[in-house]
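Have a look at the structure below before the remarks.
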Amino acid sequence: MKYSIHVPSTLEEAFTTRSRVGGQYLAGGTVVLAIKKPVCDLVSLSRIPGLSFIERKGDCIEIGGGTTFDELDRSALLKERLTALWQASHELAGPQIRNVATIGGNIGSMSPSADSVTALMALDASVRLFTMEGGKPCRRTVPIRELRLGEGEIIEAVVIRTNVDSSVFEKVGKRNAMAVSVVNMAVARVGKKVSVAVGSAAPNVVFCRRTSEILSKDCTDMMAAKAAILEEISPKDDRWGTVEQKRIVCANMLEKLAGEVSA
Amino acid sequence: MKNIIGTSVFRSDAPDKARGRSVFADDLMIPGTLHVSLARARVAHAILKGVKVPPIPDGCFVFTAKDLHSNLIPSIMNEQPVLASERIRCHGEPFAIVAAPTKELADSIADSIEPELEVLGTVDSIADALDPSKPALFEKGNVCSTFHSEKGDVDRGFRESFLTVEGDFETPTQIHGFLEPEGAVTFIDEDGKMMIVASTQYAFGDLREASAVTGRPQSEIRAMAATVGGAFGGKDGYYVSVFPAVVTHLTGKPAKYIYSREENIRYGMKRHKSISHAKVGFSKDGRILAADCSILLDTGAYAVLGTSVLKLAMEVFCGAYDIPNVRLDGKLLYTNHAPGSAMKGFGAPQSAMAFENLLNRAASKLGIDPVQIRIINAIHKGQKNSMGGVHEHEIGLEEALLKFRESDFYREMTQHPEKDCGYGIAVGMKSSGLGKFVPDTCHVTIRKTGGGYIVRTSIVDLGQGSRTTLSQIAAQALGVPFEAIDMQMGCTDGNPDSGSTAASRSTYVCGNAILDAARKIREGADEATGSCAFPEPKDEAVHAFFAFLVQGAKVKTDPVTGKTDVLWMHSTTDAGRIINPALLDGQVFGGISMSIGMTLSEQIRYRDGKALENGMGNYIIPTALDVPKLTNEFVEKPEESGPFGAKGMAELPTVAVAPAITTAVCSLYEDLEINSIPIDRTAVLKSRRKR
Amino acid sequence: MKNINCIVNGEKVSRNIPDDMSLLTFLREELGLTGTKQGCGSGDCGACTVIVDGKSVDSCIYPAVLADGRDILTIEGLEKNGELDRIQKAFVEHAAVQCGFCTPGMIMSAYALLQDNPNPTEDEVRRAISGNICRCTGYQQIVDAVLSLNM
């Protein structure tokens, strides 16, 4: 047996098991069990109740870390209020993957091409993390733009304010389904404040601070915004595309998506 | 009796496949099976000095070249070892066979076997292969074979031309992409014979190869095709089954070897990457006066069927047209890449990318409709082919062009094109049969039974529907219902040698053999053997006859991302008489989708001989959201020598897709020429869109 | 090793299996249900598609131990008393089957779609099978087969 799978039924059990055996968490398994076969123990999060939900809580929408992309795709609430996140969910991979892949797993993969993270960055989402200190459960909520996952931390929920006026997400892949993003982008607007995030164009998903500032001051200043975004991303030549292609596409997408969210 | 030819009879094997009951190679699970893994080189080019085999657990085995009776895979060039013993010529080349009770254990033992290597420089491209300063894979150098043909006076033809167009073109290394990876199961049966059950196009090939390599007499071996999950030329009774066969022969135990998808993508055989150049001269009214066509093909570390691919690519390069002055030049080159061999299209898609694009550019410059320019120049029976030989068999290209001109597609393209959509057309030409000087015969047997007839052939139904089509031919010829035919296929034991299921030959050559046997049955025999030999061209030519297809493509491009979306592909196909229209439509649609992949997204790229692509997540095959509405119609111009007038067309639909799509894309831009596929989105992004 | 109890094609199944066994291997090798195929082993081709608790999944990347307590439907579970179910019949009648290797997974994806949406549009059909690669058919006849089942 190459590895064991532990199946805890609470977050506490998951945390303490992982601390004890080492290894990594297993969310949907679509990344961990795919090309790179695991060699360490896995701690499954799939049997912990209460991690799968999409709820309105005050002026926020909360999404459990164990919510699948299929569930997100089916949410009319999400489609209407947090369109960028809905679009990212709608286009992720293919049906079989969406049925098991979770938003917590997508965030936890720390991949620069994790589509939901781009949307969440633009939406200024926060992540509620579960950890344990001194044997006691402990939670902290961190803006995803500042997220650094600590050892053993579990993504319990994503919290997003619903005051978003408009948001949009688009991904570019080498085919129309089952595609790793060559570049992806999300733009959100709250009043005059515009937020732009880009994925697959840097070692991590990038919240484009400078670009966002420029568009927030003047949402029509496309020349300055494009110049700024090209400074804020650092794409590489890789199997998905060249630097040149990614830069051109990024600038084009910015113009398009900024236009789509404008008042 | 109702005519069954031309009827879309339901496939006889479809119900079992839809139930999940059909038995593919990996579905065979025999107790005591040894699982096979190969110790593979992790460099692309090296002298192999020795192999260090560590101590291995009981019940496990490691075999190297010295354990083989003959370390040579029988092939045209007879140059590929079963196991590397002196030299590594490609990344992943095996140097030892491992067998163990579990696949996991076999893999880990294989990983632990160290080769002693003196690494050599990598011949990593066609340019490298032509560079005399690079290492040579073989004593003869890196040029495996060449092709040259001259007809008329090309230089004079160009001098007389009103317009010449010229270009350099490139097509990628492509994998077959069958959903079922290569593999075989071998065991000793109750009679003490070795049985090979393989995912194969040609069980006799597996049998003869196993015999040659192990030294076991052919009479002591049986081979059969399992249900095959797609082949497209990549499972031609060659290579993979030999590994479990060696294990079974040497241990007496059952053995199983199924390629992982990574092995299939990295190390399996490929479509040859091509670099081509063509110059074409036209008169003012669109007649082609001269064509100078050259092609370079990357055949990787071993040629396998590459020499034939080169010949075919050259033969059809400008072969759809009647051109008085033609020069053809080709080179087949060795590199330290995975071997290139037969893949659906067999060189034709590569050359069509060049010639058909140039023809469309010329049509545009001359102000001639692209269908019209092809009607002007279309080849006909009785005219000379591009090498100088005479076409003796039926050609329906002009009919296909005329019918295409009546199609909804053409009407939309010329009269009411959809906004922001580009349209392009191209013609494809493909032969059937193995070609001149290659023995190409087929034998079948028919035996009368209580309820009907048993027809036996070594042809395999790979998915293309030969079981059904050949049964229709047999039923019609014998005057019985379809259900009265028991078609037994793909097995050596008790079966005649019908040749391989390849080269779009099955319907023609096996259909004719069935007619021959059926005639004898109708004359009173209870049992008969029927034969057919594929017609060989009498003079300058590689193949005797061809099928043709007119391909239309409708596309849209996204100015933000440079992405091309294909919206509609329409084809008009000349394949002689159609035995089963629904099955043939399926062949057309499948071939088109394979080449949509080649045009938009599929490629194997090498870095220092190692493939960048290693899984179906990064080798990009089109999904149902990438392949659009596909429509097809036939012109039925019967080929007299074919069974009920049929000729083969299984590979044809792959041929014209790329030039149709690239032309369609370019039609949306002022200044874009696409010479290389898969299409580079950056080039599209940087082009100026037409108003 | 873990003990799992699940329902497969309507029948209770109980087995003791290694943690690292995929649901695909469990079905094929433990239960002898070889209708579900391995095309890639990485969740990229859909040949291994089965239905778990009503949802289509790639069984090659689904741990068998996590199927404990779940209700699984494979291609073998569609036919009733030797009679093809209507999706299987439609595939046969529309020439949607060529080599047959993608077919079980493709049919299971179609099954999942029709359970959820009995009258899909063409776009919805293509989307539902977008995680199932076919190299033989070009998808057209498969789409036609599924659309023919619209009520």
Side-chain angles (χ1 to χ4, degrees), chain A residues 1-9 17 21 23-49 52 66-71 73-74 89-102 105 173-180, chain C residues 1-4 16-25 39-70 105-106 108-113 115-117 120 123-133 139:
Chain A
M1 221 169 65
K2 293 191 296 266
Y3 53 85
S4 296
I5 300 183
H6 305 268
V7 192
S9 38
T17 304
V21 307
Q24 59 184 134
Y25 292 119
L26 181 70
T30 57
V31 170
V32 170
L33 297 173
I35 288 270
K36 278 203 171 337
K37 301 296 178 188
V39 291
C40 60
D41 280 11
L42 300 173
V43 178
S44 170
L45 302 174
S46 66
R47 296 303 181 113
I48 300 172
S52 174
T67 310
T68 67
F69 285 101
D70 178 61
E71 286 162 338
D73 182 30
R74 289 172 191 273
S89 308
H90 185 73
E91 288 169 52
L92 190 129
Q96 294 92 323
I97 302 294
R98 289 192 290 268
N99 283 334
V100 301
T102 66
K174 291 181 95 175
R175 59 183 170 186
N176 293 332
M178 296 299 288
V180 171
Chain C
M1 301 289 285
K2 282 187 179 47
N3 209 66
I4 68 156
N16 198 243
I17 54 167
D19 290 18
D20 62 347
M21 179 180 276
S22 69
L23 179 58
L24 177 64
T25 303
C40 72
S42 58
D44 286 307
C45 78
C48 66
T49 305
V50 298
I51 314 280
V52 176
D53 285 353
K55 296 285 182 193
S56 63
V57 306
D58 291 317
S59 61
C60 72
I61 52 172
Y62 194 104
V65 298
L66 293 180
D68 183 43
R70 304 218 184 274
M106 193 70 76
M108 297 321 283
S109 287
Y111 179 93
L113 168 70
Q115 289 290 108
D116 192 47
N117 178 359
D123 275 342
E124 286 167 337
V125 172
R126 287 182 179 273
R127 196 173 124 84
I129 62 171
S130 63
N132 293 81
I133 303 292
Y139 306 104

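Lettering of chains follows the sequences in order, A, B, ..., and the numbering in each one begins at 1.
Closest of all the heavy-atom pairs between Asp58(C) and Gly43(C) is OD2-O, 3.3 Å. A pairwise comparison of heavy atoms in Leu23(C) and Ala67(C) identifies CD1-CB, 4.1 Å as the closest pair.
Counting heavy-atom pairs under 4.5 Å between each of Met1(A), Arg98(A), Met178(A) and chain C puts Met1(A) at the top. Top candidate by heavy-atom pairs under 4.5 Å with chain A, chosen from Thr49(C), Val57(C), Ile61(C), is Ile61(C). Ranking Gly28(A), Ser46(A), Ser4(A) against chain C, the residue ahead of the rest is Ser4(A), based on heavy-atom pairs under 4.5 Å. Per-residue heavy-atom pair counts under 4.5 Å with chain A were compared for Asn132(C), Leu113(C), Ile133(C), and the maximum is reached by Asn132(C).
With a threshold of 4.5 angstrom between heavy atoms, Ser22(C) does not approach chain A through any atom at all. Neither the backbone nor the side chain of Asp53(C) comes within contact range of chain A; no heavy atom of the residue lies under 4.5 Å from a heavy atom of that chain. At a 4.5 Å heavy-atom cutoff, the contact between Leu26(A) and chain C is made by side-chain atoms alone. The contact between Ser44(A) and chain C is made entirely by side chain atoms (from C-beta outward), counting heavy-atom distances below 4.5 Å. Arg126(C) does not touch chain A: none of its heavy atoms, backbone or side chain, sits under 4.5 Å away. In this structure, chain C has a heavy atom under 4.5 Å from the side chain of Asp70(A), while its backbone stays farther away.
Of the possible donor and acceptor atoms, none in the side chain of Arg127(C) sits under 3.5 Å from a partner among the backbone N and O of Pro95(A).
If you check the side chains of Ser56(C) and Asn99(A), you find a donor sitting under 3.5 Å from an acceptor.
Under a 4.0 Å N-O distance rule, the pair Lys2(C)/Asp68(C) does not qualify as a salt bridge.
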When you look at Ile17(C) and Met1(C), which way does the side chain to side chain contact (heavy atoms under 4.5 Å, CB included) test go after all the steps? CA-CA 5 Å; Ile17(C) 54 167; Met1(C) 301 289 285; 5.6 Å; no

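Between Pro38(A) and Leu33(A), the closest side-chain pair of non-hydrogen atoms falls below 4.5 Å.
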